[in-house]
There are 2 protein chains.
Amino acid sequence: MTAASRRRIPEATVARLPLYYRALMETGERQVATISSERLAELAGVNAAKVRKDLSYLGSYGTRGVGYDVEYLLHEISRELGLTRDWPVAIVGIGNLGRALANYRGFGARGFRVEVLIDADPALVGHRIGELAVVSIDDLDEVVREHSIAIGILATPASAAQDVADRLVAAGVTSILNFAPAVCSVPEGVSMRKVDLAIELQILSFYQLRRATSGATPPRERAG
Amino acid sequence: MTAASRRRIPEATVARLPLYYRALMETGERQVATISSERLAELAGVNAAKVRKDLSYLGSYGTRGVGYDVEYLLHEISRELGLTRDWPVAIVGIGNLGRALANYRGFGARGFRVEVLIDADPALVGHRIGELAVVSIDDLDEVVREHSIAIGILATPASAAQDVADRLVAAGVTSILNFAPAVCSVPEGVSMRKVDLAIELQILSFYQLRRATSGATPPRERAG
DNA sequence: CCGAGCTTGTGCACGCGTTCTCAAAGTGTG
DNA sequence: CACACTTTGAGAACGCGTGCACAAGCTCGG
Ligand SMILES: NC(=O)c1ccc[n+]([C@@H]2O[C@H](COP(=O)([O-])OP(=O)(O)OC[C@H]3O[C@@H](n4cnc5c(N)ncnc54)[C@H](O)[C@@H]3O)[C@@H](O)[C@H]2O)c1
Ligand SMILES: NC(=O)c1ccc[n+]([C@@H]2O[C@H](COP(=O)([O-])OP(=O)(O)OC[C@H]3O[C@@H](n4cnc5c(N)ncnc54)[C@H](O)[C@@H]3O)[C@@H](O)[C@H]2O)c1
């Protein structure tokens, strides 16, 4: 049975699968063979009933009275998340943030191989970051196609975000992770996730203020 | 009427207020006096009815047949988000990511002043990043209290995250933005938001895979 | 082979958030 | 001043996600 043939997986569940994946990886390293939903919930920081419901969307992989086989579950989640294969990734905008991302080892460990670095600054083009040389934005289309890049990371200033997103999409990229604080739209059939640190800080500020002026408590958890 | 005296604002709304804030800032710079919910929705990338409902939680600031006064609305949202004051911020873990954050100008522009940089590496302590010298983790408590830091940014390896979070909380920090890919808990009365880039990529990977194997489309928007 | 003890899988109720819809309330033109 | 037009604000219905609660199913000791 292929990943796509199963019943639809709720978005909230998809966002939690990586948490289970991480928890199971750590558990597997400790040579633990099976794990209960309660234990997994604890490691992932969620509710046990939620774990069971989430996993039930993937199929019935648990054994009542015993729990889930760590290795098997890990394999099923990997398959579902597409972590059994490598994804070539391009980063566009090699400034402060882009460089940090390019130097980060944690991505490769999960199968996301940064293969292409792109920037518009001529002074930066040709410059090496780790093993990779920065490529000109003029060559975006060519180099993205060459490496069959499906996932692009956008770390340019906000003003360039929509333009770069359009170019990435035109070059065949169908998933974009956007760090630029800008509303940026992509056509149907392309995914875009936004990470906006200023927004995160402003949300924290909101609850911080509420705490200062009243006894209001922020919600304990949030959707990813 | 103080921010806290009004009716409870849904979390989803709080997460969108920064979007409206940004859109209104850009609109205000163009000398536009009023804005309709429809236009604001377009700029923020959301639904117009949602904009109206969100803003109605803050009070009735619109004029029927006209729209919202840009300056006034901006002021109200700023007040609600706590952006009328400055928040001193500390960054702990001055590696790849911590450095990028420390060098980022966008935070100061919104009232988040990075005043303290903390790391455990003796080779890094004393080293200057921009205007700031890196302080030892041993002095965390002292320096955090000295600067009345309320918001902490956690950019250490995952293994140190819980320990650092505990220290921050002990020193009086009540809001934490966590970049470490680790489940990390804080006591009641402290907010913690998590930004996990590997999870974002894995979610993209999930929908990427679905698109490849079937015609399944990812959801168009998500909760912040 | 039976019964005690665990743990999964899911039906169900509830609450939150989204969106449709429309009356109410404003503007402005003749 | 009346009427056409615009836009807000909120009621209501709906859908999704969460978490309780429990039957079903497995293990293991005796
Ligand atoms: N640095 C941070 O910690 C941080 C934090 C939050 C958000 N951000 C956001 O991330 C983005 C990048 O931040 P940064 O600090 O790295 O900025 P930066 O100015 O250091 O880097 C931006 C890079 O993008 C390149 N660029 C500009 N236009 C381009 C284009 N059209 N095509 C390709 N490359 C182009 C520039 O040459 C530069 O190298 C910004 O949108 C910023 O708001 C950064
Ligand atoms: N760099 C990235 O682009 C990136 C992307 C995604 C996630 N992350 C996560 O962000 C975190 C930081 O990443 P990085 O690439 O900057 O790592 P890094 O190794 O470059 O930097 C980590 C820094 O934390 C310091 N540190 C370690 N233990 C500490 C402690 N107990 N107290 C204070 N400081 C301590 C280290 O001395 C080092 O300077 C990691 O958890 C990483 O997984 C980073």
Side-chain angles (χ1 to χ4, degrees), chain A residues 6-17 19-20 23-24 27 32-70 72-73 76-77 203 206 216-224, chain B residues 6-17 19-20 24 27 32-70 72-73 76-77 203 216-224:
Chain A
R6 257 185 291 279
R7 89 178 108 159
R8 183 190 146 272
I9 299 182
E11 196 192 351
T13 295
V14 174
R16 281 189 296 267
L17 289 180
L19 291 176
Y20 305 146
L24 288 167
T27 305
V32 179
T34 64
I35 189 170
S36 69
S37 60
E38 192 146 0
R39 177 77 183 125
L40 183 50
E42 193 186 326
L43 292 174
V46 301
N47 173 303
K50 211 184 277 186
V51 169
R52 291 199 295 275
K53 185 144 287 186
D54 284 344
L55 296 182
S56 77
Y57 290 118
L58 310 188
S60 288
Y61 296 145
T63 308
R64 298 177 184 209
V66 178
Y68 300 87
D69 183 280
V70 174
Y72 185 52
L73 189 53
E76 288 305 316
I77 292 179
I203 295 171
F206 173 90
T217 307
R220 299 300 291 174
E221 269 308 323
R222 68 184 175 103
Chain B
R6 258 185 290 280
R7 90 178 106 158
R8 184 192 144 271
I9 298 182
E11 195 192 353
T13 295
V14 173
R16 279 188 298 267
L17 290 180
L19 291 177
Y20 305 147
L24 289 168
T27 304
V32 178
T34 63
I35 189 169
S36 69
S37 60
E38 193 147 359
R39 178 76 182 123
L40 183 50
E42 193 186 326
L43 292 174
V46 303
N47 174 302
K50 211 184 276 187
V51 169
R52 291 200 295 276
K53 183 137 288 186
D54 284 345
L55 296 182
S56 76
Y57 290 117
L58 310 187
S60 288
Y61 296 145
T63 309
R64 296 175 186 213
V66 178
Y68 300 86
D69 183 280
V70 174
Y72 184 52
L73 189 53
E76 289 305 317
I77 293 179
I203 295 171
T217 308
R220 299 301 291 173
E221 270 309 322
R222 67 184 175 104

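Given the structure is predicted, the values throughout are model-derived calculations rather than measurements.
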Student: From CD of E11(A) over to P of dG17(C), roughly how many Å is that when rounded to an integer?
Tutor: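 It works out to 15 Å between those atoms.
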Student: Which residue, G65(A) or A49(A), contacts DNA chain C at a nucleotide closer to its 5' end, judged by nearest heavy atom?
Tutor: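 Its nearest nucleotide being more 5', the pick is G65(A).
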Student: Between I35(B) (CD1) and dT7(D) (P), how many Å, whole number?
Tutor: 12 Å
Student: Would you mind telling me which of dG17(C), dG17(D), dT8(C) lies closest to the side-chain atoms of A12(B)?
Tutor: dG17(C)
Student: Under 4.0 Å between any heavy atoms, over every strand shown, what does R16(B) touch: base, sugar-phosphate, or nothing? Just pick one.
Tutor: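 Contact class for R16(B): sugar-phosphate only.
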Student: Run the side-chain contact (heavy atoms from CB on, under 4.5 Å) check on T63(A) and D69(A) step by step: do they pass?
Tutor: CA-CA 8 Å; T63(A) 308; D69(A) 183 280; over 6 Å; no
Student: dT10(C), dT8(C), dT8(D): which one has an atom nearest the side-chain heavy atoms of S37(B)?
Tutor: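 My answer, after comparing the listed nucleotides, is dT8(D).
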Student: Cut-off 3.5 Å, no hydrogens considered: what does the side-chain donor-acceptor table look like for residues 38-46 of chain B, sequence neighbours left out?
Tutor:
{"unit_1": "R39(B)", "atom_1": "NH1", "unit_2": "E42(B)", "atom_2": "OE2", "d": "3.3"}

Student: Could you tell me how far apart E38(B) (CD) and dT19(C) (P) are, to the nearest whole angstrom?
Tutor: 14 Å
Student: Using whole Å, what does the distance between atom C1' of nucleotide dT8(D) and atom CG of L58(B) come to?
Tutor: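 The answer, rounded to whole Å, is 14 Å.
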Student: In sequence, state the C-alpha distance, the side-chain angles, and the governing distance for F206(A) and I9(B), and then conclude on side-chain contact (heavy atoms from CB on, under 4.5 Å).
Tutor: CA-CA 10 Å; F206(A) 173 90; I9(B) 298 182; 4.1 Å; yes
Student: Taking only the side-chain nitrogens and oxygens of R52(B), find out if one of them lies under 4.0 Å from OP1 or OP2 of dG11(D).
Tutor: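 Negative; the distance criterion is not met.
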Student: Just the rounded figure in Å: distance from C1' of dA25(C) to CZ of R64(B).
Tutor: 5 Å
Student: Could you tell me whether the phosphate oxygens of dG17(D), OP1 or OP2, come under 4.0 Å of any side-chain nitrogen or oxygen in Y57(A)?
Tutor: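 Looking at the OP1 and OP2 atoms of dG17(D), neither is under 4.0 Å from any side-chain N or O of Y57(A).
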Student: Drop me the distance from L17(A)'s CG to L58(A)'s CG, to the nearest 0.5 angstrom.
Tutor: 5.5 Å
Student: Nearest whole Å is fine: how far is dT7(D) C1' from Y61(B) OH?
Tutor: 19 Å
Student: On the nucleotide dC26(D), are OP1 or OP2 found under 4.0 Å from the side-chain N or O atoms that T63(A) carries?
Tutor: no
Student: For the side chain of Y68(B), counting heavy atoms from C-beta on, which of dG9(D), dT8(C), dT18(D) is nearest?
Tutor: dG9(D)
Student: Going through the distances and angles, do V51(A) and Y20(A) end up as a side-chain contact (heavy atoms from CB on, under 4.5 Å)?
Tutor: CA-CA 8 Å; V51(A) 169; Y20(A) 305 146; 3.7 Å; yes
Student: In whole angstroms, how far is the C1' atom of dG17(C) from the CZ atom of R8(B)?
Tutor: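 Spelled out: CZ on R8(B) to C1' on dG17(C) is 10 Å.
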Student: Any donor-acceptor pair, under 3.5 Å, between the side chain of K53(A) and the base of dG19(D), if you only look at N and O atoms?
Tutor: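 Yes, the side chain and the base share a sub-3.5 Å donor-acceptor pair.
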Student: Counting heavy atoms from C-beta on, name the nucleotide in dG19(D), dG9(D), dG17(C) closest to the side chain of P10(B).
Tutor: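 Among dG19(D), dG9(D), dG17(C), the one nearest the side chain of P10(B) is dG17(C).
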Student: Output the single nucleotide from dT27(C), dG19(D), dG9(D) whose closest atom is nearest the side chain of V66(B).
Tutor: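 When the side chain of V66(B) is considered, dT27(C) is the closest of dT27(C), dG19(D), dG9(D).
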Student: For K50(B) and dG15(D), give me the distance from atom NZ to atom C1', rounded to whole Å.
Tutor: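 So the two atoms are 13 Å apart, to the nearest Å.
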